[in-house]
Amino acid sequence: MSRTIAVIGAGPSGFYAVDGLVRALPDARIDIIDRLPCPYGLVRYGVAPDHQGTKAVQRQFERLLAKPTVRFIGNVEVGRDVTIEDLSALYDALIIATGCSHDRRLGIPGETLDGVVGSGAFVGWYNGHPDFADLDPLRPDMRTVAVIGAGNVAIDVARVLAKTADEMGKSDIAPHAAAAIAKLDLAEVSLVARRGPADANFTGNELAELGRLAAFQAIAQPELLDGVAAPDGDPAPERMRKTKNLEILRAFASGAAAEKHRRLHFLFWCTPVALHGVDGKVRTLELADTRHPEQRRRVPADLVVTCIGYDPSPPAGLPLERGHIAHEDGRVRGLPGTYVVGWAKRGPTGVIPTNRADSLALVKVVVDDLATVPPSRKTGPAGLDVLLTTRGIVVIDTTAWLRIDKMETTAGQTEGRPRVKIGTWFELRDLARS
């Protein structure tokens, strides 16, 4: 009797787990369950729209969905439409791969002002995530932006805002976001980092892109780079990354001001302490020198995007609190046959390929556990179909998703883009049913 496995979460860690399961248990019946109508998680909704090379991993995931033993079950929220207990009764194993989608907060005064938004919401908005279709974070009168964070997400946000419409022409940015950004007449974008330039988590390629913007001049303060070097104690790859970053930042600090009249500033050693507004709208960001907290200054900011990390988003009823969720091997405590992987397990660290090794390691644990348990008579996919039908849940399955995918890519071809995303819940559900 073939094994039945449910993977909750259709993002990279979930699909990498499916890849390992298909190889190790080719007869297993696998359902990938997601509350969203579309699969691929961060690949679709997190990767910057102008980074199509990074999105190419989607083709590997598409091949998995084409296998007869693998199904996508979208528009089904675990904890609302079905429970963990329901799924445990139906499947031999559950793998939770729900990631981290809740923006962390700064915890400073003024955070609720209009114009302050977390990167999860902002990135979701410009990537066509249906949860954020009505976000509307930009006002045409915005002239200055502060992006708080020292990682690639911060760079993505700054770059997407700073690029011209022509520069974004071959991307899959959501149409509503492209139109709103095109209306802006930004003068300054500030990248604000609590730590120094040697501690930034940027990767070299992403950082270097900011030096090739058509309208913005990347500027770093030379005095903050004097004598700075990557720590000798860092592992060699990390030291090389930091050294490369410092070289790029020094080039920004010494580069000619050129004809570009717009500025993208790097502000290191700056800790946000308050946001100040006028008529309920953010206008300035107050910063303290991280090394000398008594030293304060304000920078103009009509928009503030916080890129300071995310918290896990486990299914309702499953207390996956980071640090208390599982043993190191991914087994969820107190729930035999239930496992957790990816960001839901270890927090929001690493790039998309980082999840592959983590997922494959978990698959070995799952397979080893299943080998010690006699085959059961759990109904798996067939039982889930009956349960969802009984409860009146409209499922967006693989076939329905392929309909959405074809509509988007066909529309993209007419505009010379990879795709034109359908970005509202109503449209996605309506198209899936049609």
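No hydrogens, no waters, no symmetry mates; every other heavy atom, side chains included, goes into these values. Counting from 1, the numbers follow the sequence of the chain as shown.
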Practice task
Tell me whether the centres of the aromatic rings in Y40 and W401 are closer together than 6.0 Å.
Solution key: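 They qualify: ring centres under 6.0 Å apart.
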Handout entry: Distance flag, aromatic centroids of Y16 and F61, threshold under 6.0 Å
Key =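 Here the rings of Y16 and F61 have centres that are less than 6.0 Å from each other.
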Would you call [X] and [Y] a salt bridge, taking side-chain N to carboxylate O under 4.0 Å as the test?
{"X": "R419", "Y": "D405", "value": "yes"}
{"X": "R391", "Y": "D81", "value": "no"}
{"X": "R71", "Y": "D397", "value": "no"}
{"X": "R239", "Y": "D232", "value": "no"}
{"X": "K55", "Y": "D172", "value": "yes"}
{"X": "D234", "Y": "R241", "value": "no"}
{"X": "D92", "Y": "K378", "value": "no"}

Exercise for the section: Answer yes or no: does atom CZ of R356 have more than 12 heavy-atom neighbours from other residues, nucleotides or ligands under 6.0 Å? Expected result: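 Open.
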Practice task
Can you establish whether the number of heavy atoms outside R59 located under 6.0 Å from its atom CZ is more than 12?
Solution key: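 Result for CZ/R59: open.
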[atom2] on [Y] to [atom1] on [X], rounded to 0.5 Å:
{"X": "L21", "Y": "R29", "atom1": "CG", "atom2": "CZ", "answer": "14.0 Å"}
{"X": "Q60", "Y": "L65", "atom1": "CD", "atom2": "CG", "answer": "11.5 Å"}
{"X": "F15", "Y": "E62", "atom1": "CZ", "atom2": "CD", "answer": "9.0 Å"}
{"X": "T4", "Y": "L94", "atom1": "OG1", "atom2": "CG", "answer": "9.0 Å"}
{"X": "I181", "Y": "T164", "atom1": "CD1", "atom2": "OG1", "answer": "11.5 Å"}
{"X": "R403", "Y": "L428", "atom1": "CZ", "atom2": "CG", "answer": "12.0 Å"}

Is a side-chain donor or acceptor of [X] paired with a backbone partner of [Y] at a separation under 3.5 angstrom?
{"X": "D358", "Y": "G342", "answer": "yes"}
{"X": "K421", "Y": "R44", "answer": "yes"}
{"X": "T144", "Y": "D302", "answer": "yes"}
{"X": "D368", "Y": "V365", "answer": "no"}
{"X": "R250", "Y": "L225", "answer": "yes"}
{"X": "D34", "Y": "P39", "answer": "no"}
{"X": "H176", "Y": "W125", "answer": "yes"}
{"X": "W343", "Y": "T349", "answer": "yes"}
{"X": "D311", "Y": "H102", "answer": "no"}
{"X": "E167", "Y": "A214", "answer": "yes"}

Which heavy-atom pair separates [X] from [Y] by the least distance, and what is that distance?
{"X": "E408", "Y": "I422", "value": "OE2-N, 2.8 Å"}
{"X": "C270", "Y": "T290", "value": "N-OG1, 3.4 Å"}
{"X": "E206", "Y": "I155", "value": "O-CG2, 3.6 Å"}
{"X": "R212", "Y": "N205", "value": "NH2-O, 4.4 Å"}
{"X": "N201", "Y": "N152", "value": "O-OD1, 4.2 Å"}
{"X": "C307", "Y": "V157", "value": "SG-CG2, 4.1 Å"}

Practice task
Could you check T399 against F72 for side-chain contact (heavy atoms from CB on, under 4.5 Å), going step by step and ending with a plain yes or no?
Solution key: CA-CA 9 Å; T399 301; F72 172 64; over 6 Å; no
[X] versus [Y]: any side-chain heavy-atom pair under 4.5 Å?
{"X": "F216", "Y": "L186", "result": "yes"}
{"X": "K163", "Y": "D50", "result": "yes"}
{"X": "V160", "Y": "I173", "result": "yes"}
{"X": "T271", "Y": "D289", "result": "no"}
{"X": "H51", "Y": "R159", "result": "yes"}
{"X": "P49", "Y": "N127", "result": "yes"}
{"X": "L402", "Y": "I404", "result": "no"}
{"X": "V82", "Y": "L87", "result": "yes"}

Exercise for the section: Would you please test R194 and D199 for salt bridge (charged side-chain N to carboxylate O under 4.0 Å, His left out) and show each step? Expected result: CA-CA 9 Å; R194 294 182 176 94; D199 298 312; over 6 Å; no
Could you tell me if [Y] and [X] have a donor-acceptor pair between their side chains, going purely by distance under 3.5 Å?
{"X": "E427", "Y": "T424", "result": "yes"}
{"X": "S119", "Y": "Y310", "result": "yes"}
{"X": "D369", "Y": "Y339", "result": "yes"}
{"X": "R429", "Y": "N75", "result": "yes"}

Exercise for the section: Run the numbers on V386 and T379 for side-chain contact (heavy atoms from CB on, under 4.5 Å), then give the verdict. Expected result: CA-CA 10 Å; V386 172; T379 54; over 6 Å; no
Exercise for the section: Please work out whether the ring planes of F266 and F252 are parallel, tilted or perpendicular, with thresholds of 30° and 60°. Expected result: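 Because their plane-to-plane angle is under 30°, the rings of F266 and F252 count as parallel.
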Problem - D131 and W425: CA distance, side-chain angles, deciding distance, side-chain contact (heavy atoms from CB on, under 4.5 Å) verdict - result: CA-CA 8 Å; D131 283 352; W425 281 99; 3.0 Å; yes
Problem - Result of checking I33, V394, L384, D31 against V76 for side-chain contact (heavy atoms from CB on, under 4.5 Å) - result: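 Going through I33, V394, L384, D31 one by one, the side-chain contact (heavy atoms from CB on, under 4.5 Å) with V76 is satisfied by I33 alone.
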Exercise for the section: Test D27 against R3 for salt bridge (charged side-chain N to carboxylate O under 4.0 Å, His left out), laying out the working first. Expected result: CA-CA 7 Å; D27 295 329; R3 299 291 189 172; over 6 Å; no
Exercise for the section: Please test T112 against L275 for side-chain contact (heavy atoms from CB on, under 4.5 Å), starting from the C-alpha separation and ending with a verdict. Expected result: CA-CA 9 Å; T112 59; L275 294 155; over 6 Å; no
